[in-house]
Amino acid sequence: MKAEKDVTFTVDIPSDFTVNADRMHLSNILNNLIDNAVKYSGEKVAIHIAAEEDRLTVSDNGIGISPSDLKHIFEKFYRAHTGNLHDVKGYGLGLYYVHSIVEKHGWSISVESESGKGTTFTLSL
């Protein structure tokens, strides 16, 4: 994964944390969430990945997602309104894919976001 921005990662995952998952799809889930964090952040991106017990979270300091968009972000082809960020490319399939794969693993995904303050996705495994 490449970014033309300054991206800082912090990772808090215990050394004994394990996930029973399809490796390729779990990697794609994380890549998609990270890619969105980069695309929908300013020039300095901070991404925090954490795990505990049966949860995995990916948080960012991006532009956030409005409450009206939050209820639709996992729908196929849905793209959140980004105001003046029209240069963000995509088809509205990434989070749909994430949601689909999460459900196929028997997990759930939730999101918390505040405009201008970032977003946190939580996978409940």
*Taking atom types as modelled, is there a side-chain donor on Asp60 or Tyr40 under 3.5 Å from an acceptor on the other?*
no
*Quick one: CG on Asp69 to CD1 on Ile73, what's the gap to the nearest 0.5 Å?*
8.5 Å
_Gap between atom CG of Asp12 and atom CD of Glu52 - 0.5 Å precision_ = 10.0 Å
*Distance in Å, Glu4 CD paired with Glu43 CD, rounded so as to fall on 0.5 Å steps*: 9.5 Å
*From Leu93 CG over to Phe77 CZ, what is the distance, rounded to the nearest 0.5 angstrom?*
5.0 Å
*Atom CD1 in Ile101, atom CG in Asn28: separation rounded to 0.5 Å?*
8.0 Å
_Worked check of side-chain contact (heavy atoms from CB on, under 4.5 Å) between Ile29 and Val102_ = CA-CA 8 Å; Ile29 288 169; Val102 163; 3.9 Å; yes
*Would the number of heavy atoms belonging to other residues, nucleotides or ligands and lying under 6.0 Å from CD of Glu112 be above 12?*
no
*Would one find more than 12 heavy atoms of other residues, nucleotides or ligands at under 6.0 Å from atom NZ of Lys5?*
yes
*Phe121 vs Leu95, side-chain contact (heavy atoms from CB on, under 4.5 Å): CA-CA, chis, key distance, verdict*: CA-CA 11 Å; Phe121 287 91; Leu95 291 177; 4.1 Å; yes
*Decide side-chain contact (heavy atoms from CB on, under 4.5 Å) for Lys44 and Thr8; before the verdict, give the C-alpha distance in whole Å, the side-chain angles of both, and the deciding distance to 0.1 Å.*
CA-CA 8 Å; Lys44 291 190 179 255; Thr8 303; over 6 Å; no
*Which atom names give the shortest non-hydrogen contact between Tyr91 and Arg79, and what distance separates them?*
C-CD, 3.9 Å
_If you apply the rule side-chain contact (heavy atoms from CB on, under 4.5 Å), what do you find for Ile47 with Val45, and how did you get there?_
CA-CA 6 Å; Ile47 298 171; Val45 185; 3.8 Å; yes
*If you take all heavy atoms of Asn61 and Ser41, which pair is closest and at what distance?*
OD1-OG, 3.9 Å
*Scan side-chain atoms only and decide if Ser68 and Ser66 contain a donor-acceptor pair under the 3.5 Å cut-off.*
yes
*Phe17 to Leu125 - nearest heavy-atom pair and separation*: CZ-CD1, 3.8 Å
_Thr120 side-chain N/O to Ser59 backbone N/O, donor-acceptor pair under 3.5 Å_ = no
*Looking only at non-hydrogen atoms, find the nearest pair between Ser124 and Arg55 and report the distance.*
OG-CG, 4.2 Å
_Test of understanding: clusters of I, L, V, M, F, W, Y form through side-chain heavy atoms closer than 4.5 Å, transitively. Do Tyr96 and Leu26 belong to the same one?_
no
*Asp22 to His105 - nearest heavy-atom pair and separation*: N-NE2, 3.0 Å
*Between Asn32 and Tyr97, a side-chain donor and acceptor under 3.5 Å*: no
*Check Gly64 against Thr119 and note the closest heavy-atom contact, atom names and distance.*
CA-OG1, 3.6 Å
_Any side-chain heavy-atom pair of Leu70 and Val111 under 4.5 Å_ = yes
*asked:* Tell me whether Met24 shares a hydrophobic cluster with Ile109, the cluster being built from Ile, Leu, Val, Met, Phe, Trp, Tyr side chains joined at under 4.5 Å.
replied: no
